[in-house]
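To start, the structure itself, in structure tokens.
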Amino acid sequence: MPTRSGKADAPPRAERFRLHHLLAISDLKREDADHLLARAEPYVSFLEQKSKKLDALRGRTQINLFFESSTRTQASFELAGKRMGADVVNMSVRTSSVSKGETLIDTAATLNAMSPDLLVVRHPSSGAAALLARKVSCSVINAGDGQHEHPTQALLDAFTIRQRLGTLEGVEIAICGDVMHSRVARSNALLLTLLGASVRLVGPPTLMPADADRWGARVHHDMKSGIAGADVVMMLRLQTERMQGGYVPSAREFFWFYGLDEDKLKHAKPGALVMHPGPMNRGVEIDSAVADRVDVSLIERQVRMGVAIRMAVLEALAEHGANA
Ligand code: ASP
């Protein structure tokens, strides 16, 4: 637990974090995921205190490089870095030289010359974070690369469920909606199954990736049978910005078949928990009456847990970097 001197005691763990970067859940072993979740644990109560400043990352520089718009992820990484005592610089595409035609590699070389310790990257292309990681010497954290992965979202989702249910072993989780365009779905399916949960992917055939059966999850196309008996229903945003052409006839029809409302939620286990990574399209993939139900909706809690998880990730990677 964090002490009065402002230092966080080391959470219980056998070893230092194994990896230099956090690029994808597919790179993690079970012990890596357990390590990060355990490390986030003490930060939950710490973040409820009035004074929220630690010095674990004092003197370290964190650059947040966002090539795609973001509200919660960027703010969450910024807060996490600042609460750990790092110097945090935010760069968005609009204000950087990328809008003047600089390539991703040139940007990486420029940033590298400034010797950051941690680089948090969001980019519309799958694989961009991994490419950057090969060009810089600091630790790179993938904050979402195209349709590929969003590892810290999955970690915070797993953490939120485990906090509420006490375990992920045997928990039935339905991930529903636009699975195909969702990096959140891929990262979550991989992480939740790694942690012992049983995952179903629910959505129309047009929004289901061809390789979905290789994600370790069962695929359903009917919403009511897909969420039947589920402990957790995780909704996804309909990601129209990644769609070329008509994947769904209309938002209204999508809501009719796949939008989570009280009626469909009755098919899940009584008291089933509801999640959404945000931003939500109310009335498209989720009804406000469900999203705002304080008894079952974890949506606000997901955002809160995001800061604790990102503090843990930044700390684990910075510690690894210091000893590399
Ligand atoms: N915020 C999440 C992401 O960046 C989910 C979404 O945008 O729908 O992938």
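We use all heavy atoms of the structure for the numbers below, so side chains are in, but hydrogens, waters and symmetry mates are not. Both ligands and their constituent atoms are indexed starting at 1 by order of listing.
Ligand 1 has no atom lying under 4.0 Å from any heavy atom of Ser182. Heavy-atom distances between Gln153 and ligand 1 stay at or above 4.0 Å for every pair.
The nearest protein atom to atom 6 (C) of ligand 1, hydrogens excluded, is given as Arg237 NE, 3.4 Å; this is a heavy-atom distance. Summary of contacts: the protein heavy atom closest to atom 9 (O) of ligand 1 is Arg183 NE, 2.8 Å.
Between His320 and His20, the angle of the ring planes lies from 30° to 60°, which puts this pair in the tilted group.
Counting heavy atoms from C-beta on, the side chains of Ser297 and Asp292 never come closer than 4.5 Å. Counting only heavy atoms from C-beta outward, the side chains of Arg237 and His276 approach each other to under 4.5 Å.
Considering backbone and side-chain N/O atoms, Arg242 never comes within less than 3.5 Å of an N/O atom of ligand 1. For ligand 1, none of its N or O atoms has an N or O atom of Thr73 under 3.5 Å away. At a 3.5 angstrom cut-off on N or O pairs, Gly278 counts as close to ligand 1.
Dense packing is recorded around CD of Glu31, with more than 12 heavy atoms of other residues, nucleotides or ligands lying under 6.0 Å away.
For ligand 1, the atoms sitting less than 4.0 Å from at least one non-hydrogen atom of Val184 are 2 (C), 5 (C), 9 (O), numbered in the order shown with element in parentheses. Per-residue contacts place Arg122 under 4.0 angstrom from the following atoms of ligand 1 (heavy atoms of the residue considered): 4 (O).
Remark: Arg310 is positioned above the aromatic ring of Phe77, its terminal NZ or CZ atom under 6.0 angstrom from the ring centre and at most 45 degrees off the axis.
Annotation: Phe17 is in aromatic contact with His35 [ring centroid separation under 6.0 Å].
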*So Leu298 and Val232, side-chain contact (heavy atoms from CB on, under 4.5 Å) or not? Walk me through it.*
CA-CA 10 Å; Leu298 296 180; Val232 179; 5.8 Å; no
